[in-house]
Each structure stands twice: as C-alpha cells, then as structure tokens.
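Beneath this line is the structure, given in structure tokens, with notes to follow.
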Amino acid sequence: MQKLIRTLGFATLALSLASCRLVYTPDVQQGNILTKDAVEQLKPGMTKRQVLVLLGSPSVSDPFDHDRWDYVSTQQHRGGPIKIRTFTLTFNNDTLVRTEGDFFAEDAEKLLKETQKFKVSYPVDDAKGDKSEGTTDAGGDQH
C-alpha cells in the first residue's frame, strides 16, 4: 500500500512539473545548416564535386534520380512546432542547372548568435602551465 502511494505521489509530482514547464525542453536542430555565403557561391555550371566541397553531402540523395540533391533541416524551439526547410539542387550531366527552396540562412545565423551567448572564454596562460612555480622534467623532478 505504501509503495502504491509513493508511486502515485511521484507520478503526480512529475505531471505537475511537466505541465508547469519547469522541466527544460531544449532546442532541437537537425540536418544541414547552409550559410548564406555558401549558397551565394553556387553558380549554374558547377560540377557535383564542386557543390559537394562547398555545401557538404546532401541529406537526401534519391537512388532513382541521381540528378537531384535535397538539403533538409528541421528545427524545433523548446517543444514548439517543427519547422522543416528544404533546399533542392538539380543537375544535368553532373552539372548544376537549378536551385530551389529556402536555405534557412536567417535561422542558422540566429542559431549561431544564440549559441555564442553560452560560450565562456577561460583565460589560458600557456607559458605558466598548470604548476604555480617551476617546471618538471619527464622524471617528475622540479628545476
């Protein structure tokens, strides 16, 4: 009986915490993040190899249509709705002929700016090392 009451108490506590949004829900970013600079460098006539070096491998490569590459990204902000973004490249004889879709540069730049605020720089003095005085050789003796 006591075990049942304890279990119900924990379940009630967990549900109340989840409903009050006290439980942290992280942002989730998956897929390719393309930068504005990289997309602006795309020009008709580029080879698949050049595009691969510039943008990286596509998220989806159709096995039946080798002339279409899709770069897909999904983003969900703290449990909210999922945003799906696609950028499609069309090739003809291994040559880029067309691009379509959104490359989500604004979201990528915003995402990078938001992550910068959590980075902390720690001062590192390479000359000093982790010892307060003197140096040690391989045998552990101080000089």
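Here the closest heavy-atom approach between residue Tyr71 and residue Leu55 is recorded as OH-CB, 3.7 Å. Between Leu96 and Lys43 the shortest heavy-atom distance is CD2-O, 3.6 Å. The shortest non-hydrogen separation linking Leu54 to Ala38 is CD2-O, 3.3 Å. Pairing each heavy atom of Pro58 with each of Asn32, the nearest pair is C-OD1, 4.3 Å. Summarising the geometry of Gln41 relative to Met46, their closest heavy-atom pair is O-SD, 3.6 Å, with the distance given to 0.1 Å.
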Q: Tell me, with the steps shown, if Thr74 and Ile82 meet side-chain contact (heavy atoms from CB on, under 4.5 Å).
A: CA-CA 6 Å; Thr74 61; Ile82 297 175; 4.0 Å; yes

Q | Evaluation steps, side-chain hydrogen bond (donor to acceptor under 3.5 Å, both in side chains), between Thr88 and Asp70 | A | CA-CA 5 Å; Thr88 303; Asp70 291 304; 2.7 Å; yes

Q. Passes side-chain contact (heavy atoms from CB on, under 4.5 Å), Ser57 versus Leu52? Steps please.
A. CA-CA 6 Å; Ser57 59; Leu52 191 63; 4.0 Å; yes

Q.
For Asp67 and Lys48: C-alpha separation, side-chain torsions, deciding distance, then whether side-chain contact (heavy atoms from CB on, under 4.5 Å) applies.
A. CA-CA 9 Å; Asp67 291 331; Lys48 284 185 177 181; 3.8 Å; yes

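Around atom CG of Asn93, no more than 12 heavy atoms belonging to other residues, nucleotides or ligands sit under 6.0 Å away.
With rounding to the nearest 0.5 Å, the separation of CZ in Phe91 from CZ in Arg98 is 12.0 Å.
Partner of Val51 under the side chain to side chain contact (heavy atoms under 4.5 Å, CB included) criterion, chosen from Asp94, Thr99, Leu89, Thr95: Leu89.
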